[in-house]
Amino acid sequence: MAPNLASDILNFYQQVYEIVNLVPKGRVTTYGAIAKAFGTVRSSRMVGMALVAAHDTDCNLPIHRVVNRNGLLTGKIHYHRPTMQELLEADGVRVINDQVIDFQQIFWDPLSEL
DNA sequence: CACTTGACGAGCT
DNA sequence: TAGCTCGCCAAGT
């Protein structure tokens with residue numbers, strides 16, 4: 001491999017983007033699930049940061065399909081226009097009070113589904 | 001250069 | 001059941 005300084009970190013972000021990009025429409029995933037997919041279960045925070053960086057890197061990713069483990073739209077605060085709820089509902093996901101309905105039902109696990 | 005905050009999660013009390 | 005603490009690591013101030 002080529003452990004070039006922060007290049008390893010960028011690789012981490014790239015991993016997150018790829019997973020998020022693979023999330024099927026109408027499904028949602030969690031930070032912990034993505035982190036667990038990399039083996040960094042306790043680094044779930046890093047996943048969120050990757051999404052923040054994603055805003056400046058590429059906004060084409062369905063990052064609105066990523067919610068916290070409680071099914072709550074925690075990342076909504078970082079959205080400028082159409083809120084996550086609008087985007088999620090556009091995908092067929094029902095959201096009430098920033099909370100995903102039947103979250104457990106539409107939950108997409110990158111480890112099981114991928 | 002050092003401290004604080006942060007799209008989280010899990011464990012313990 | 002609910003509330004508090006710790007771990008993780010990076011970015012921003």
Side-chain angles (χ1 to χ4, degrees):
Chain A
M1 295 51 172
N4 278 339
L5 302 173
S7 298
D8 200 31
I9 300 169
L10 294 175
N11 185 14
F12 182 86
Y13 289 170
Q14 186 60 52
Q15 290 279 60
V16 176
Y17 304 151
E18 190 171 329
I19 295 292
V20 174
N21 193 26
L22 291 173
V23 177
K25 181 180 179 183
R27 301 288 143 121
V28 293
T29 187
T30 68
Y31 306 97
I34 297 173
K36 187 175 288 188
F38 305 142
T40 55
V41 188
R42 290 171 162 96
S43 300
S44 45
R45 277 181 159 157
M46 307 295 87
V47 178
M49 286 184 169
L51 297 182
V52 174
H55 255 285
D56 188 62
T57 304
D58 190 341
C59 296
N60 295 35
L61 297 173
I63 53 185
H64 59 268
R65 290 178 188 157
V66 183
V67 295
N68 71 349
R69 124 91 173 131
N70 196 22
L72 195 71
L73 279 58
T74 51
K76 171 189 173 181
I77 60 181
H78 280 275
Y79 264 77
H80 301 285
R81 245 179 330 307
T83 56
M84 287 179 80
Q85 182 171 341
E86 291 295 310
L87 292 170
L88 285 170
E89 290 194 317
D91 284 339
V93 179
R94 287 168 293 183
V95 180
I96 297 179
N97 194 8
D98 300 339
Q99 183 184 297
V100 178
I101 305 302
D102 296 327
F103 164 69
Q104 188 184 46
Q105 200 170 295
I106 64 177
F107 173 65
W108 183 78
D109 190 343
L111 285 177
S112 297
E113 308 295 317
L114 197 55

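Just the heavy atoms: all of them, side chains too, but no hydrogens, waters or symmetry mates, feed the values below. In what follows, chains carry the letters A, B, and so on, assigned in the order in which the sequence lines appear, proteins first and then strands, with residues in each chain numbered from 1.
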Rounded to the nearest angstrom, tell me the gap between atom [atom1] in [X] and atom [atom2] in [N].
X: A:D98; N: B:dA7; atom1: CG; atom2: P; result: 14 Å
X: A:M46; N: C:dA11; atom1: CE; atom2: P; result: 9 Å
X: A:N70; N: B:dA10; atom1: CG; atom2: P; result: 11 Å
X: A:N11; N: C:dA10; atom1: CG; atom2: C1'; result: 16 Å
X: A:I34; N: B:dC8; atom1: CD1; atom2: P; result: 12 Å
X: A:H55; N: B:dA7; atom1: NE2; atom2: C1'; result: 9 Å
X: A:R65; N: B:dA7; atom1: CZ; atom2: C1'; result: 17 Å
X: A:L51; N: C:dA10; atom1: CG; atom2: P; result: 16 Å

- prompt: Mapping A:M49 and A:S44 onto DNA chain C by nearest heavy atom, which one lands closer to the 5' end?
  reply: A:S44

Indicate, with a heavy-atom threshold strictly under 4.0 Å, whether [X] touches base, sugar-phosphate, or nothing.
X: A:I77; result: sugar-phosphate
X: A:R69; result: sugar-phosphate
X: A:F12; result: nothing

- prompt: Between C:dA11, B:dG9, B:dA7, which nucleotide gets closest to the side-chain atoms of A:T74?
  reply: B:dA7

message: Using the side-chain heavy atoms of A:R45, tell me which of these nucleotides is nearest: B:dA7, C:dC9, C:dG7.
response: C:dG7

Under 3.5 Å: donor-acceptor pair, side chain of A:N97, backbone of A:Q99: no

query: Same cluster for A:L87 and A:L22 if Ile/Leu/Val/Met/Phe/Trp/Tyr side chains link at under 4.5 Å?
result: yes

message: Please say yes or no: joined through hydrophobic side-chain contacts below 4.5 Å, possibly via intermediate residues, are A:I63 and A:F107 part of one cluster?
response: yes

Separation of the C1' atoms in C:dG3 and B:dA7, to the nearest angstrom: 22 Å

message: Show the nearest heavy-atom pair for residues A:F12 and A:V47, with the distance to one decimal.
response: CE2-N, 4.0 Å

- prompt: Shortest non-hydrogen contact from A:M84 to A:K76?
  reply: SD-N, 3.2 Å

